[in-house]
Amino acid sequence: MLFAATFGLLVLLNFIAYAIGSEIVGILRYSLICAMPLLCPFLLFLAYCVNEPFEEMVRRGYMKVTKRKLKDSDVIKIGITGSFGKTSVKEILKTILSQKYRVLSTPASFNTPMGIALSVKELDGTYDVFLAEMGARSKGDIKELCDMINPKIGILTGINNQHLESFGTIENIKSTKYELMESLPEDGVGFFSSDSEGARELFLKFKKEKYSAGEAGTDNLVYASEIVTNSKGVKFMLNVKGEQPVECRTVLLGKNNVSNICLAAAVAYKMGLSVEEISRGINRLHSVQHRLELVPNNKNIIIIDDSYNSNEDGIQAAMEVLGTFEGRKIVVTPGLVELGKMENVVNFDFGKTLSQKADIVIVVGKHNAEMLINGLTDGGMNKENIIFAKTLSKGNEILNGLLKEGDVVLFENDLPDNYN
């Protein structure tokens, strides 16, 4: 629609230019035609202004249809939000619940009104549960999604400084994520991760039925013990209050995923699944795409795709996972963005951490390059092992020239389009 509006404005300007009849003004006519390329950015903005009301009307229409369809359905509606871990918890919960229910969930990282509306188009009478991942970049975003979905169950994965640049303060982040819990009905149920300080704080604030779960903490509804992590996955004992502990194994990498599993297991248990059904679901889990995902290749090289992890908690998890592998470790990263005033400090610290965990670091893009490189050098990494690449494609080209059999490559974060 934006392209069509821009094209229409160009046609209109050309028509006006040719409609100028006098010989004197004719010079201006050709000047106007020659200036068309320079006018394109302004025409694009004008087209956006003309087009936006119509697009908003279409969005509202989709949301209205989605709200009505969900209201008429008797599926159990579950909302999942947090600064990190939303997609992982959603996919884990979907797999576990699928041992008993037919589950529809928002695909990939679809967590906006339109993304959820497109997902609900598939909803029919055969589904028992609808899982909706809920993203936000400003206050009110989660409430808007809740008004559309009306979830009965809310899940808060954790809170950190992700998107601090747009939220302004950590308190704004907390209040926005808490919009999910505030939107639950009186008989709604809230589930909170005990492994996040921000989530624990909101757990204490929540006054309706609630449960906490996490990697540790015997006061949780669900927690883990005897955790063993390696390059093949994780083994642990799943402890559900009032039940016998059960051993679980998963190919998911890192202790952070144990936390995600415990949170999903708590929801599943309260939805009527037995501990045995939950354990069976955990054993059937697969890597979540672009989140500490092992990428198969035809060489004796280990590739870990963590390109959709873009926060401090995700980095800590990635570094822990990287440490479980043998071999030369190469990290390709542009650093972290959207952290406001904290961005320089966070990327400097990230560089220092990388200097202890990696053998070679390829820094992608100039946005965070200075702070990452300063952190790497301050941490003691030799300058010859720090490589700058202007773009990811250039970084991949450099990487291909470096690779040897037995190397471990971690792709950590990928910049949003507006940073490329």
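It should be emphasised that the depicted structure is a prediction, and the values quoted were computed from it without experimental measurement.
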> Sub-3.5 Å donor-acceptor pair from the side chain of Asn311 to the main-chain atoms of Phe84, do we have one?
Replying inline: no

>> Side chains of Tyr211 and Glu209 only: does a donor on one sit below 3.5 Å from an acceptor on the other?
In response: yes

>> Strictly below 4.0 Å, N to O, side chains only: are Lys255 and Glu215 in salt-bridge contact?
In response: yes

> In terms of ring plane angle, is the pair Phe192 and Phe206 parallel, tilted or perpendicular, where the classes change at 30° and 60°?
Replying inline: tilted

> How about Asn220 and Ser212: does a side-chain donor come under 3.5 Å of a side-chain acceptor?
Replying inline: yes

> Does a side-chain N-to-carboxylate-O contact under 4.0 Å join Asp147 and Lys143?
Replying inline: yes

>> Between Tyr308 and Gln289, is there a side-chain donor-acceptor contact under 3.5 Å, judged purely by atom types and distance?
In response: no

> Would Asn239 and Ser225 count as having a side-chain donor-acceptor pair, cut-off 3.5 Å?
Replying inline: yes

> Can you find a side-chain donor-acceptor pair between His286 and Glu91 that sits under 3.5 Å?
Replying inline: no

>> I'd like to know whether NZ of Lys390 has more than 12 heavy-atom contacts from other residues, nucleotides or ligands below 6.0 angstrom.
In response: no

> Would Lys329 and Asp359 pass as an ion pair if we require N to O under 4.0 Å?
Replying inline: no

>> Evaluate Asp195 against Ser259 for side chain to side chain donor-acceptor pair (under 3.5 Å), listing each step before the verdict.
In response: CA-CA 7 Å; Asp195 297 321; Ser259 177; 2.5 Å; yes

> Charged N to carboxylate O under 4.0 angstrom, Lys394 versus Glu397?
Replying inline: yes

> If you count the non-hydrogen atoms of other residues, nucleotides and ligands that lie under 6.0 Å from NZ in Lys357, is the total more than 12?
Replying inline: no

> After noting the C-alpha distance and the side-chain angles of Glu133 and Asn111, does the key distance pass the side chain to side chain donor-acceptor pair (under 3.5 Å) rule?
Replying inline: CA-CA 5 Å; Glu133 179 180 335; Asn111 55 28; 3.1 Å; yes

> With a cut-off of 6.0 Å (strictly less than), are more than 12 heavy atoms of other residues, nucleotides or ligands near CZ of Phe110?
Replying inline: no

